[in-house]
Structures are given as structure tokens and as C-alpha cells.
Amino acid sequence: MPDSNGASNFIRDIVLADHAAGKHGGRVVTRFPPEPNGYLHIGHAKSICLNFGLAQDVPGGVCHLRFDDTNPTTENPEYVQSIQEDVRWLGFDWGKNRFFASDYFERLYDHAERLIRKGKAYVDSLSADDMRTYRGTLTEPGTNSPYRDRPVEENLDLFRRMRAGAFPDGAHVLRAKIDMASPNINLRDPVLYRIRHAAHYRTGTAWCIYPSYDYAHPLSDAIEGVTHSVCTLEFEDHRPLYDWVVAECETADRPQQIEFARLNISHAVMSKRRLLELVEKKLVAGWDDPRLPTIKGLRRRGYTPEAIRAFCDHIGVGKRDAVVEMQLLEHFIREDLNTRSPRVMAVLKPLKIIIDNYPEGVTEDLDAINNPENPAAGTRKVPFSRMLYIEQDDFLEEPPKEFFRLAPGREVRLRYAYIIQCTSVTKEPSTGRIAELHCTYDPETRSGASQAQRKVKATIHWVSAAHAVSAEVRLYNQLLIADQTKLPAGHDWTTYLNPQSLEVLTGCQVEPSLKDTSPGSAYQFERLGYFCADPDSKSGSPVFNRTVSLKDAWAKIHKVKGSR
RNA sequence: UGGGGGAUCGUCUAGCGGUAGGACGCCAGCCUUUGGAGCUGGCUACCUAGGUUCGAUUCCUAGUCCCCCAGCCA
């Protein structure tokens, strides 16, 4: 069923059909089940939008937030905290339905003993290496472990002693007794429990055996009454095992696993392993570095939850591997910010100009439109005075044919102000670099005045030198790698990172209205792009992160396109 | 050469028996107190080969290619 934009969501179709047919008694319960071993990224956003969206699609639908914390060595409370913040920030609410797989450890254990009694699970004492050998290969069947036929009582005794801490790590595991000859390797007696003498961030040292994903996940779903358990494609092979666990444990609820294709974004580092490596090697400032596609990184860049949700809605939910272009994500943040972000003037690389015929000590407050797309945003006053800054790129001493901005003798309009003419160029004696420009202005050309309609070939932005606020601007690129899916074997992927991923511009001049900007708010700097006042900046002066440039703005500026 | 999935514009994605639509992107033009935004027009696709059919992207058959699986990770 196509949504407003035409993107498909086959899982929604299934859920809607099940709901209409009265399956599961008409209940719809989904869950977002992150392992708290890292920060959430845009790929998780797809899953979050999907699962919470499904619950919203039917009356009475609910979506749980469940932490799949069955591996004590990788998980910690910081991640739990950040995950919750991000889900909320994205605009979703799990209400009272926050769960932890670790809360089910006792019940999971009970079910395991029952499986043993049913003869459906056994304690294996093979080493990890031997177990691998016995498992066979993709093309050859496995072999039964010599421990496979241990009597139930011995299994029970061993398993209880495993729990009691009688054995070191790796001495034994609990395995499901299914079929060592199955063509599906996941069914060749998968491990249900392993011994790990490690402290868990929630259960401490209460346990030294921990359930595996394949055992804990389906059971946790069933315990919570989840009806539709949505996961990614790589778990398709696990579905028979998922169903086996649910069936053999004879739970009241029988959840259904449905798989979809995970999100890939071109040129973005999306694997948790790599993100963690970037953070740990301090190649980025942290999980919230604006160069990362983490939710927190996107937030610092000025991405809005609305834009991310619209993006997730647009890309659809299917089963084919797909790589979405970064430009599509950027399109959605532009579209969103275009309607809501105020336009302001800022000069990233200042060039001082002096209006020689403008009186000294005089300041005019000129009216500027806050958002042409939204008249309700109103206007603001921008101070104008004798000494101004313009963008270095807006002046060329020897302009080529196609350059229509300021040059010696040339006229140009200052946005919301006057038409000025460049009369002379002053250079630094030592370096020969341009120090400042002298200009004259035409008083009749002020906005609204008699000559205001006079046409000139270009309009440029500016700020008053005496009133401007000095700011730091950080131009972030995404961290690029050559091809995230086809990294040559044996290469250190970090060598593929974009070396120009961060450019810090100090001494930028922004209009005074930005002096006390609220953290996290986004602006459109005229012609320069969208910028977000860094939500977490500790600096005294304003710091702006580039959200995304105006569409192709940089390329066009440098192309010095011809007349308009 | 085992099993499980998947193949429609450059990219995502509709159509599921009547010869392909949308979005991103790109190109051209219009407009503009910035070249942004907006507007107009254009661009390129049904994996291959057979078959069924008046007619197939849609059905059948055989291939091809891509992805996933041999953690006591999730």
C-alpha cells in the first residue's frame, strides 16, 4: 500500500491485514529492540519509525522499547540513556512499555530447564573450536556432539551448576537439540546459554550464564505479547529457529518475525563497529560529532526530527538491498528548514569596506525579511553604518566576464540596503593582499526609496562592522569512505575518510541578532547555506555548524555563473 | 556445487496482464533586492532467454547477477 509519496511498506500491509482479520485478537504490538552497545544512527531511525509507526497505524497499537541486553561485555547504561534520549527526540513515546531482556533472565532460565526436561536442550562440553568443527560447513552436514545424548538429569545438574558458577567461561554451553544435518546452519543445535563470568550493567554478578540472542529474543517477544517482531534481513535464516523457540517453549503468545532491508546511505559510516572505532581512536570528537550519521550527530548539525521522519517515510520498507544517496537525506532537511529557518546575513570570510560618502557615527536600522517563504515570520532591523564587511568572494579586482559582483568601478546592491560602487582598493604594503575597499553609496537607492528599483547585476550580503558579532563557523562534511559496501579487503577503512571533513572558520562576522542565539536553532545564512547554532557549544561567542549547504550553492558560487 | 533472500531510471520507489508513474539527482530556461527558494521543460529503467497470451515489467520455465548464513555477537 503506497503512502502519500508512493513508497511501499509491505510490513504495514501485513500488519493491517492481520489486524483486519482479527489475528492475535486484533492486537498489534511491535518493539524496537536495540542492544545498548552504542549510539543510535540514522539506520536505527528507520527501524524506530517503522516499529512505532506500525503501532500508530492501528487503533490500540503499541510499540515497546526493549533493550536486548544479553551480552554483559559490550553494554552499559550510557548507551541506554542515549538511546532513550534519541527515540524521544525523534518524537516517539513508549509510555510505560520500557523493558529489558535482562529483566527476563529468571524466566528465560526456567524455560531453559523445561526445554532440558523435554529433551529439547542439552549441555555440551565441546570447546569452541571443536564445536565449530562439529558444526560442518555450508555444504557439509554437521556431526552430533558426543555429549548430545546426555541424560536429562545430568543435563539439569550440569546446567544448574553452570548457573551456580561451578565452571569457568567456555567449559560448557546449553544447546538446543534440533538437527546437526540441517541445511540451515542456525538449526544445527544453536547455543542457548554460555558461561560468562562478567558483571552485567543491570544484574551485576547475579548471573554468570547469559542467554544468546536466538534464545532470548523470541522468548522476550513472546513474554511481552509482541505480535509482529520486525528485524533486518540477515535474520531471515534465524526465523525457523525463532519459531522453534517459541513453539517449544509453548508460550501463550506466538509472535511473528518479519524481515526488512536495513538502511544504507552512500558515503556514510553506518556500522556500529566502525563508529565505535572512530570514537575510540578519537578520529572524531565523540558519538555526537556532526560528521557522523548518528542521531546525536545529525541533531548537532541542525537536522530536525521531522526531516528524519519524512526521510524514513519516503525511502519505504522492502526486502531489496538498497543504498540511499546522501543527497536524499539532505533534501529532506533542506525542505524542512526552508520553511522554518530565519534568513540572516553572515560573512564567513570578511572583507572590510568603507562607504566614504556615508556619515561617520550614524547607524540606520534597515528592515530585513526573516523568511520569504513565511510572511508570518515578520521582519527584523539590521544596522547599517559606514564600515561594513562583505564576503571576500564577492569582490574580484580583475573580474572575468562572467563575474557580476563587486569590482573596481562596479555597482552592486547590498541586500536590504543601498547600491554601492567600489571606488578604490587598499592593499597591505607588505603582502600586497587586499586590505579594504573604498566605496560610495547612492542614498536614493535604499529599499523603498525613489531609486530602489534601479537594477544592478548583483546583490550581496553584508554586516555592519561596528555591530557585527564575531562567530566561529564549522564546515562539516560527512566522513566519506570510497565505497562503504566494497572496501577492498585488507584495507584500513579509516584511510578512506575524507581528510577535509572539518574546516573551522574563525573571525566570521554575523549580524547582531545572532548574538544570543538559542542553542540548536537553525538559520539560513543568505546564499551560504543552513547553519545550526551548536547545541552543545561551550564557547562564549556563537558557534555555528553547517547543516547542509544550499543546493549546489558552493559549486555555483565557484563556477561564477553568468548574468541572471 | 548447501540453505535463505533479492533483481524497474544514476539513486530510492510505484505499477503486478494492456507496453512504465513519483521523488532525489542532473541538464536547459523563467523569475528573483544574491546566483538560494520558487516555477517551467527535459533526461535516463522493467537482469537475460524461451514459453503462455491478441497483449507480459507483471504468469510459467530455464539461466544470470547481487546480498546473507559456518560467534559460546546482536
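Letters go in sequence order (proteins before strands), and every chain restarts at 1.
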May I ask you to say whether [X] pairs ionically with [Y], meaning some side-chain N is under 4.0 Å from a carboxylate O?
X        : Y        : value
A:Lys381 : A:Asp367 : yes
A:Glu511 : A:Arg380 : yes
A:Arg405 : A:Asp393 : no
A:Arg527 : A:Glu391 : no
A:Arg454 : A:Glu411 : yes
A:Arg66  : A:Glu224 : yes

For nucleotides [N] and [M], find the distance between their [atom1] atoms and express it as a whole number of Å.
N      : M      : atom1 : answer
B:rU8  : B:rU48 : C1'   : 15 Å
B:rG10 : B:rC46 : C1'   : 16 Å
B:rA45 : B:rC12 : C1'   : 13 Å
B:rC59 : B:rC16 : C1'   : 10 Å
B:rC26 : B:rU61 : P     : 43 Å
B:rC47 : B:rG41 : P     : 29 Å
B:rC65 : B:rA70 : C1'   : 24 Å

Paired with [N] by Watson-Crick or G-U wobble geometry, both distances under 3.5 Å: which nucleotide is it?
N      : value
B:rA28 : B:rU40
B:rU33 : none
B:rA56 : none
B:rA45 : none
B:rA7  : B:rU64
B:rU19 : none

Check every strand shown and say whether [X] touches a base, only sugar-phosphate, or nothing at a heavy-atom separation below 4.0 Å.
X        : answer
A:Val191 : sugar-phosphate
A:Ala261 : nothing
A:Arg132 : sugar-phosphate
A:Leu328 : sugar-phosphate
A:Asp237 : base
A:Gly448 : base
A:Glu35  : sugar-phosphate
A:Gln327 : sugar-phosphate
A:Ala322 : sugar-phosphate

What is the distance from [atom1] of [X] to [atom2] of [N], rounded to the nearest Å?
X        : N      : atom1 : atom2 : value
A:Asp179 : B:rA70 : CG    : P     : 18 Å
A:His200 : B:rA74 : NE2   : C1'   : 13 Å
A:His314 : B:rG22 : NE2   : C1'   : 8 Å
A:His461 : B:rU33 : NE2   : P     : 18 Å
A:His238 : B:rC67 : NE2   : C1'   : 14 Å
A:Ile195 : B:rC73 : CD1   : P     : 12 Å
A:Ile333 : B:rG36 : CD1   : P     : 20 Å
A:Phe260 : B:rU13 : CZ    : P     : 13 Å

Inset, instruction - Please figure out whether A:Thr74 or A:Ile460 has its closest RNA chain B nucleotide nearer the 5' end. - result: A:Ile460
Inset, instruction - Map A:Asn338 and A:Ser127 onto RNA chain B by nearest heavy atom, then report which one ends up closer to the 5' terminus. - result: A:Asn338
Would you say [X] reaches [N]'s phosphate, i.e. side-chain N/O to OP1/OP2 under 4.0 Å?
X        : N      : answer
A:Arg135 : B:rG71 : yes
A:Arg194 : B:rC73 : yes
A:Thr70  : B:rA74 : yes
A:Lys455 : B:rU33 : yes

Determine whether a donor-acceptor pair (one donor, one acceptor, N or O, separation below 3.5 Å) exists between the side chain of [X] and the base of [N].
X        : N      : value
A:Glu259 : B:rG5  : no
A:Thr139 : B:rU1  : no
A:Asn184 : B:rG4  : no
A:Arg320 : B:rU13 : no

Inset, instruction - Give, for atom OH of A:Tyr193 and atom CE of A:Met162, the distance between the pair rounded to the nearest 0.5 Å. - result: 9.5 Å
Legend entry - Proximity to the side chain of A:Thr459 - top-ranked nucleotide from B:rU33, B:rA70, B:rU13: B:rU33
Legend entry - Nucleotide of B:rA74, B:rC72, B:rC24 approaching A:Ser212 most closely (side-chain heavy atoms): B:rA74
Inset, instruction - Go along nucleotides 39-45 of chain B 5' to 3' and tag each nucleotide: B for a protein heavy atom under 4.0 Å from its base, S when only backbone or sugar atoms are that close, - otherwise. - result: -------
Legend entry - Ring centroid separation A:His172 to A:Tyr147 under 6.0 Å: no
Inset, instruction - State the syn/anti category of B:rG71 according to its glycosidic angle, syn meaning within 90° of 0. - result: syn
Inset, instruction - Say whether, by atom type as modelled, one donor and one acceptor occur between the side chain of A:Ser266 and the main chain of A:Met326 under 3.5 angstrom. - result: yes
Inset, instruction - Specify whether A:His238 and A:Tyr213 have parallel, tilted or perpendicular ring planes, treating 30° as the upper limit for parallel and 60° as the lower limit for perpendicular. - result: perpendicular
Legend entry - Minimum-distance pair of heavy atoms, taken over all atoms of A:Arg309 and A:Cys49: CG-SG, 3.9 Å
